[in-house]
Each structure stands twice: as structure tokens, then as C-alpha cells.
Amino acid sequence: MKVAVIGAGLAGSEAAALLLKNDISVDLYEMKPKKFSPAHKLNGFAELVCSNSLKSMRESHPQGMLKKELLLLNSIILNKSLLCRIPSGDALAVDRVLLSDLVTKELLSYRRLRVINEEVQSLPEGYDFFIIATGPLSSDSFSNFLQTFLGMKSLYFYDAISPIIDGTSIEYNKVFFGSRYGKGGADYLNIPLKREQYMEFVHNLRSAEKVSLKPFEKPKYYESCLPIEVLAERGDDTLAFGPMKPVGFDESQVGFKPYAVIQLRKEDKAGIAYNIVGFQTKLTINEQLRIFRSLPGLKNAVFLRYGSIHRNTYIDAPAVLNPSLNLKKEPNIYFAGQITGVEGYVESIATGFLSSFFLLCKLKGHKPIFPSQRTALGALISHLQSPLKPYQPSGLHLGLFVKERVSKRKREDAFLKNEQTDFQIFLKEAARIMVF
């Protein structure tokens with residue numbers, strides 16, 4: 001019995017780890033370092049290509065619920081993330097280089113793992129099972145193969161990443177450390193703007209030169225990760241009510257009542273590099289230099305990475321996948337990660353775990369054990385079976401959980417209580433047949 005996991009990103013690494021823990025030999029296909037996508041830079045596994053934040057750790061938040069469930073299931077990615085955590089309020093932000101190094105080192109320690117560094121252009125021969133986790137940045141050749149293999153047109157949306165700035169190039173006398181509402185202490189660098197500074201910034205974004213898409217491509221964006229200049233086009237105050245909201249700060253610390261506040265989050269534990277939060281962009285490099293350096297404290301900013309835009313590919317999961325994440329027509333082929341249409345790092349990790357979990361159920365002669373829709377994992381599976389047309393990528397949110405008939409004030413508590421109860425049931429059932 002031979003298993004191939006294609007792609008060593010977050011989902012593929014998580015999927016391979018669970019199989020290896022259960023003494024299943026894995027051939028892990030990864031095209032790096034021979035070939036890189038436009039957004040990848042590191043040689044190792046489990047590379048974060050956009051933000052370095054895995055979102056909220058708050059227990060009653062859907063993202064917090066999902067993280068806790070994965071930690072109880074001994075997720076390799078979540079465990080390593082805690083080891084390289086960077087202060088960022090109630091969010092889980094990590095040193096992305098260290099995370100990749102830690103995950104790569106642990107996976108390579110398994111004697112049943114064989115790594116094959118080559119680009120997969122079609123399904124390799126000689127395997128009984130596959131887990132396809134090539135991510136939203138699947139190569140053109142493999143994307144074309146999938147389009148033909150699945151008998152459907154490729155689906156896509158555009159995603160953008162934020163710039164990263166050298167921390168030593170920031171004028172610290174013009175910014176201040178702090179977190180909104182004091183969550184986490186002095187975890188962020190903040191740039192306060194007066195109204196005239198903010199409006200000038202918005203004007204510059206609207207009039208700036210942008211990277212053009214190809215003539216045959218429509219500008220379809222994921223709503224939770226819109227380029228900052230697209231947000232600016234939606235209204236004068238869209239940014240001030242979004243990534244640049246000025247609330248939650250002590251005005252005595254700022255020195256005036258800010259109209260907007262830009263936040264910079266550490267990229268590494270040492271604070272050598274900072275990510276401009278929410279500044280994903282498709283501005284040209286020259287325009288990024290001109291506009292972002294006009295902001296207080298960033299006059300001499302040195303860019304370690306410019307913002308950019310890339311096309312993400314995903315399949316129509318409800319049409320082709322079973323709830324157990326394998327193909328309806330080819331049940332020995334499983335999918336995991338953002339190529340399924342989940343959006344977000346932790347969601348990708350979760351589907352990586354689930355794909356291996358369902359495969360292990362099959363290998364051990366069990367019917368798939370499904371977490372209920374009152375759990376975070378079960379709610380995520382429900383998105384992959386969404387009846388809504390057209391199918392669109394989505395991260396985990398409370399709307400995917402089973403609805404609770406309680407007042408809005410008590411809603412989070414009700415969701416959390418039911419999630420904890422139902423997840424313990426799932427955990428006990430799953431632990432009887434495999435090692436986490």
C-alpha cells in the first residue's frame with residue numbers, strides 16, 4: 001500500500017505527519033527548491049506566504065475553537081507555531097522562517113518519509129492513495145491537469161500580500177508601541193494619522209499605478225483579503241473603519257485623537273522585520289515606495305518584501321468531493337488545503353489533518369467518523385459541502401456552525417459550550433482507532 005502526498009505546504013505537511021505517526025509510509029512530493037511559485041521564498045516545508053498571523057486565539061472565537069481542536073488532536077503545525085510565537089495581542093503570529101524549519105526537521109525525522117523534490121504535472125504512477133495539497137498556487141501544468149481530470153473549468157480568485165519592512169529603517173520617534181484595547185501590551189508598532197494625512201493617503205492610493213491583470217482575467221478578489229487600494233475605492237472612510245481603524249488606543253499616548261491608525265506587526269521574534277497589517281496591495285513597486293514612504297515614520301523605510309498579487313486556484317469542492325474529502329468518482333484521491341476552497345492558514349491545516357484522518361479510517365476498515373457541525377472542524381466540512389452557487393472560498397465563521405436559538409448576547413457562550421461537548425465525543429471516537 002503506497003500513499004503519495006503532493007505538496008508540502010501547511011496542509012500537505014499536516015497530512016503527512018498524521019500518516020507517519022500511524023506508521024504509514026509516505027512519499028511527499030514538493031517542487032521546492034527546484035522550482036518556486038511567485039510567492040514562495042523558503043526551501044523548507046510549511047511556508048507561510050502571506051501574513052505571518054494565524055488569527056485569533058480567543059476561546060469563543062471560531063478561529064480559537066479551531067486551533068484548540070487541532071491542538072487537542074496534536075497538530076504538528078499548531079504545536080510548532082506555539083514554539084515560535086511572536087507577541088501580537090490575542091492573535092497567534094509566528095516567526096515564519098522558524099516555523100518552516102521546525103516542521104521540516106520533525107517530518108524529516110520519520111524513517112517512513114521519502115521526499116521527492118520535483119514538480120508534479122499529473123498524478124504519479126504506482127500509488128494506491130493520493131492526498132493532493134498543492135495549494136492555491138498550484139503550478140500551471142498541474143492546474144491544467146486537474147481541470148481536465150475533474151472535467152471542469154478552473155476556478156480562481158486573486159490574493160495579495162503585504163509589504164515587509166526592515167525594522168532598523170523605521171523612525172521610532174514618530175510611531176508608538178501598543179495594542180488595541182491593551183490586548184497583548186506593546187505588541188504592535190502604530191502609525192497615527194490626522195484626517196488630512198489620512199485623506200492624502202487615500203487619494204494617493206486611488207491615483208497610483210497598479211499592476212495590470214492579463215486581458216482575459218477578471219479581477220475577482222477574496223473579500224477578507226482585498227488589496228488596500230481596492231478598499232480605498234469603496235469610500236473615503238472604508239480604510240478608517242477597516243485595517244486602519246483608530247479605536248482602542250490611549251489618546252494621551254498618541255498625543256492627539258487619530259483619524260486612522262496603521263499597525264505594523266513583527267515578522268520575527270527579534271523584531272528585525274515588520275509586516276504592515278492589512279496593506280496587501282497590487283501597486284507597482286515604485287508606487288509602493290512613493291506612497292508608503294510618505295507615511296510618518298517610514299520616510300527611510302527599507303522594504304524586505306514588496307506587496308504583490310497572485311492568482312489562487314481552487315476546485316468546486318461541493319461538486320466533486322465527498323464529506324470525507326475524497327473524490328466522488330475516484331475515492332482513493334483526497335484533497336486538502338486551500339485548493340479545496342477553504343481560506344486561511346488554520347483552515348488549510350485542518351483540512352490537511354482531516355484528509356489523512358479520513359484516509360486512515362479507510363485503511364483501518366472503519367467508516368469515516370465525522371465531527372458534528374457544532375464543532376469547528378465539522379463546520380469547516382459543511383462549507384466544503386455548501387449548496388450555495390457559485391461556490392466561493394471561505395474561512396471559518398459562526399455562520400457555518402449549527403444555528404443556536406439564543407440571544408445575540410449569549411450566542412458565543414452557547415456556541416462554545418456545544419462545541420466543547422461535541423468535540424470531546426469526536427475525540428474519544430477517533431482516538432480508539434488511531435494515534436494522534
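What you see is a predicted model, and the numbers here were worked out from it, not measured in a lab.
- Side chain to side chain, Asn190 and Gln263 meet the donor-acceptor criterion of an N or O pair below 3.5 Å.
- Every residue meeting the side-chain contact (heavy atoms from CB on, under 4.5 Å) condition with Asp187, not counting sequence neighbours, appears here in chain and number order: Pro87, Ser179.
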Counting only pairs under 3.5 Å, give me each side-chain donor-acceptor contact of residues 11-19, with atom names and distances, residues two or more places apart or in other chains.
from, atom 1, to, atom 2, distance (Å)
Ser13, OG, Ala8, O, 3.2
Ser13, OG, Gly9, O, 2.7
Glu14, OE1, Ser75, OG, 2.9
Glu14, OE1, Ile77, N, 3.1
Glu14, OE2, Ser75, OG, 3.4
Glu14, OE2, Ile76, N, 3.2

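- Of all the heavy atoms in His397 and Phe401, the pair that sits closest is O-CD1, 3.4 Å.
- With sequence neighbours excluded, the residues satisfying side-chain contact (heavy atoms from CB on, under 4.5 Å) with Ile272 are Asp268, Ala270.
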Could you walk me through whether His40 and Ser37 pass the side-chain hydrogen bond (donor to acceptor under 3.5 Å, both in side chains) check? CA-CA 5 Å; His40 286 88; Ser37 78; 2.4 Å; yes
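- For the residue pair Ser53 / Ser51, no side-chain donor-acceptor distance below 3.5 Å is found, with atom types taken as modelled.
- Thr281 and Gln288 form no side-chain donor-acceptor contact under 3.5 Å, judged by distance and modelled atom types alone.
- Sorted by first and then second residue, the salt bridge (charged side-chain N to carboxylate O under 4.0 Å, His left out) pairs with a member in residues 63-84 read Glu59-Lys68, Lys80-Glu106; sequence neighbours excluded.
- Annotation: side-chain contact (heavy atoms from CB on, under 4.5 Å) contacts of Ser100 (sequence neighbours excluded): Leu42, Thr104.
- Within a 6.0 Å sphere centred on NZ of Lys389, other residues, nucleotides and ligands contribute more than 12 heavy atoms.
- Using a cutoff of 4.0 Å between basic side-chain nitrogens and carboxylate oxygens, Glu119 and Lys35 are scored as salt-bridged.
- Note: Phe426 and Phe423 have tilted aromatic rings, judged against thresholds of 30 and 60 degrees for the angle between ring planes.
- Phe358 meets the ring-ring contact (aromatic ring centres under 6.0 Å, His included) test with Phe370; sequence neighbours excluded.
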Would you mind writing out the side-chain donor-acceptor pairs for residues 169-178 within the sub-3.5 Å range, not counting sequence neighbours?
from, atom 1, to, atom 2, distance (Å)
Ser169, OG, Asp166, O, 2.7
Ser169, OG, Val302, N, 2.9
Tyr172, OH, Gly167, O, 2.7

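- A salt bridge links Asp236 with Arg206; the closest basic N to acidic carboxylate O contact falls under 4.0 Å.
- Heavy-atom minimum distance, Tyr391 versus Ile315: CE2-O, 3.4 Å.
- Side chain of Glu30 to backbone of Gly7: no donor-acceptor contact under 3.5 angstrom is found.
- Checked against a 6.0 Å centroid threshold, the rings of Tyr29 and Phe142 do not count as neighbours.
- The side-chain contact (heavy atoms from CB on, under 4.5 Å) test applied to Val247 returns Tyr181, Lys245, not counting sequence neighbours.
- The ring pair (Phe, Tyr, Trp, His ring centres under 6.0 Å) contacts involving residues 186-205 comprise Tyr198-Tyr259, Phe201-Phe279, where partners must be two or more places apart or lie in separate chains.
- Contacts classified as side chain to side chain donor-acceptor pair (under 3.5 Å) and involving residues 345-354 (residues at least two apart or in different chains) are given here: Gln63-Glu347.
- Side chains of Asp95 and Asn52: no donor on one and acceptor on the other come within 3.5 Å.
- Listed by chain and number, the residues in a ring-ring contact (aromatic ring centres under 6.0 Å, His included) with Phe36 amount to none (sequence neighbours excluded).
- Among residue pairs with one or both ends in residues 42-78, none qualify as ring pair (Phe, Tyr, Trp, His ring centres under 6.0 Å); sequence neighbours excluded.
- Side-chain atoms of Asn286 and Thr284 form no donor-acceptor pair, as typed in the model, at a separation below 3.5 Å.
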